[in-house]
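Single-structure report; data block below.
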Amino acid sequence: MSTHAADPLAALAALPGVPDAVDSVRKAVDRVYGHRVMRRRSNEISSEAALRGARASAALSGADWALEEVRRRTDFGGDPEARTVGAALRLGVEVGQLLSIWRQSPLRVLARLHLVAAGDAADSVGRPRKAGEAVDEPLIEAPLPSAAEVAARLDGLAELVVAGTSAPALVTAAVVHGELLALRPFTTYSGLVARSAERLVLIGSGLDPKAICPAEVGHAELGRAAYTAAFDGYLSGTPQGMAQWIAHCGRAVELGVRESTAVCEALQRGAA
């Protein structure tokens, strides 16, 4: 995306439908933060949100395991699905450790996220892909940008993050998510990293400081077909397409809020 405007993210925030999506998300987040259980047991809600978000992100990357299976398993080093679930779980833990670094060095954070997801020391891990390297990214079938374009657009994205913006957190998170999906900057796990970066922005912006609103849950609940259709809007670069993607991300956050609200209710009843 272009970075020529003084604050291009703020311009996106004014697109038709986006202010309503932002307002709806803000109200939903405020409601769950006001739940009486949150005052006493927010750490439990955060841990559960991380687990459910990881399960959902893995599902979007082709490893659709039941929540109880994810909760029960301890070995994630076997087949590709198990490795994907393990990668998502590790990312869920890591995001909270990187908040202070993100605004100063987003590319360093993205490299760290990929390193954590991959869980090995292969030459391709923790750096943008090079020309000619194969990319394994389930679900996203859009044309793959060249390695040179990836490098340039990652630099542009980093400049936007470091410069800061007056745009709402939802808009910034949606653009970070969409741009990383479009670029698929790593040879593996770019989708998991993109969704983790979206969550990092939502937490670090102050919208969801306790990390209890897992957008990944909403993306998975809305379904892979709706996810890719909304992402096509981002790829189009048109105002309507960008607004469609941002609104989709907003609905995902609201569904993540609904999930955590249900956890709060279960804890209140003593059922969890």
Side-chain angles (χ1 to χ4, degrees), residues 1-33 53 57 60 95 98-99 102-104 106-107 109-110 113 153-183 185 191 193-219 222 226-257:
M1 60 175 295
S2 172
T3 62
H4 296 309
D7 190 350
L9 297 179
L12 295 177
L15 292 174
V18 173
D20 289 341
V22 168
D23 185 56
S24 184
V25 165
R26 177 76 267 175
K27 289 176 179 176
V29 172
D30 285 347
R31 282 195 298 271
V32 71
Y33 269 82
S57 190
L60 287 168
V95 161
L98 299 172
L99 294 171
W102 172 253
R103 281 295 300 274
Q104 285 72 45
L107 297 184
V109 169
L110 293 174
L113 289 173
R153 286 172 63 177
L154 280 177
D155 285 344
L157 183 63
E159 288 173 12
L160 283 178
V161 172
V162 172
T165 177
S166 63
L170 172 64
V171 174
T172 305
V175 168
V176 168
H177 181 173
E179 189 69 356
L180 292 173
L181 271 189
L183 296 179
V193 170
R195 291 183 288 275
S196 294
E198 176 187 44
R199 191 163 192 212
L200 192 156
V201 172
L202 294 172
I203 298 167
S205 66
L207 177 68
D208 180 23
K210 294 185 178 180
I212 61 166
C213 306
E216 307 97 317
V217 169
H219 287 302
L222 289 165
Y227 185 69
T228 56
F231 175 60
D232 284 343
Y234 180 88
L235 287 177
S236 75
T238 65
Q240 181 180 3
M242 295 296 286
Q244 175 189 1
W245 171 247
I246 294 167
H248 182 88
C249 290
R251 288 192 295 273
V253 174
E254 291 186 62
L255 290 171
V257 168

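Side chains included, hydrogens not; waters and symmetry mates left out as well; all remaining heavy atoms used.
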Can you give me the closest heavy-atom contact between [X] and [Y], atom names plus distance?
| X | Y | answer |
| --- | --- | --- |
| P106 | V162 | CD-CG2, 3.7 Å |
| L107 | A158 | CG-CB, 3.8 Å |
| F231 | L181 | CE1-CB, 3.5 Å |
| A13 | V18 | O-CG1, 3.6 Å |
| C249 | L170 | C-CD1, 3.9 Å |
| V201 | A169 | CG1-O, 4.0 Å |

Which residue pairs pass the salt bridge (Lys or Arg N to Asp or Glu O under 4.0 Å) test when at least one of the two sits in residues 15-29, sequence neighbours left out?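 For residues 15-29, and leaving out neighbouring residues, the salt bridge (Lys or Arg N to Asp or Glu O under 4.0 Å) pairs sorted by first residue read D23-K27, R26-D30.
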Say you draw a straight line from [atom1] of [X] to [atom2] of [Y]; how long is it, rounded to the nearest 0.5 Å?
| X | Y | atom1 | atom2 | value |
| --- | --- | --- | --- | --- |
| L180 | L110 | CG | CG | 5.5 Å |
| E159 | R153 | CD | CZ | 14.0 Å |
| I203 | E198 | CD1 | CD | 10.5 Å |
| T172 | L157 | OG1 | CG | 10.0 Å |

Working for side-chain contact (heavy atoms from CB on, under 4.5 Å), residues Y33 and I212: CA-CA 9 Å; Y33 269 82; I212 61 166; 3.5 Å; yes
How would you list, by chain and number, every residue that makes a side chain to side chain donor-acceptor pair (under 3.5 Å) with [X], sequence neighbours excluded?
| X | result |
| --- | --- |
| T165 | D7 |
| E254 | S24 |
| S57 | R195 |

Using only atom types and a distance under 3.5 Å, with no angle test, would you say the side chain of Y234 pairs donor to acceptor with the backbone of H177?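 Not confirmed, Y234 side chain does not pair with H177 backbone.
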Show your reasoning for whether side-chain contact (heavy atoms from CB on, under 4.5 Å) applies to D208 and V253. CA-CA 10 Å; D208 180 23; V253 174; over 6 Å; no
Partners meeting side chain to side chain contact (heavy atoms under 4.5 Å, CB included) with S236 (sequence neighbours left out):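 Side chain to side chain contact (heavy atoms under 4.5 Å, CB included) check on S236 returns T238.
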Any residue meeting side chain to side chain contact (heavy atoms under 4.5 Å, CB included) with L98, in chain and number order, not counting sequence neighbours: E94, I101, V109, R112, L113, L200
Just say parallel, tilted or perpendicular for the rings of H248 and Y227, cut-offs at 30° and 60°.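 Judged by the thresholds at 30° and 60°, the geometry between H248 and Y227 is tilted.
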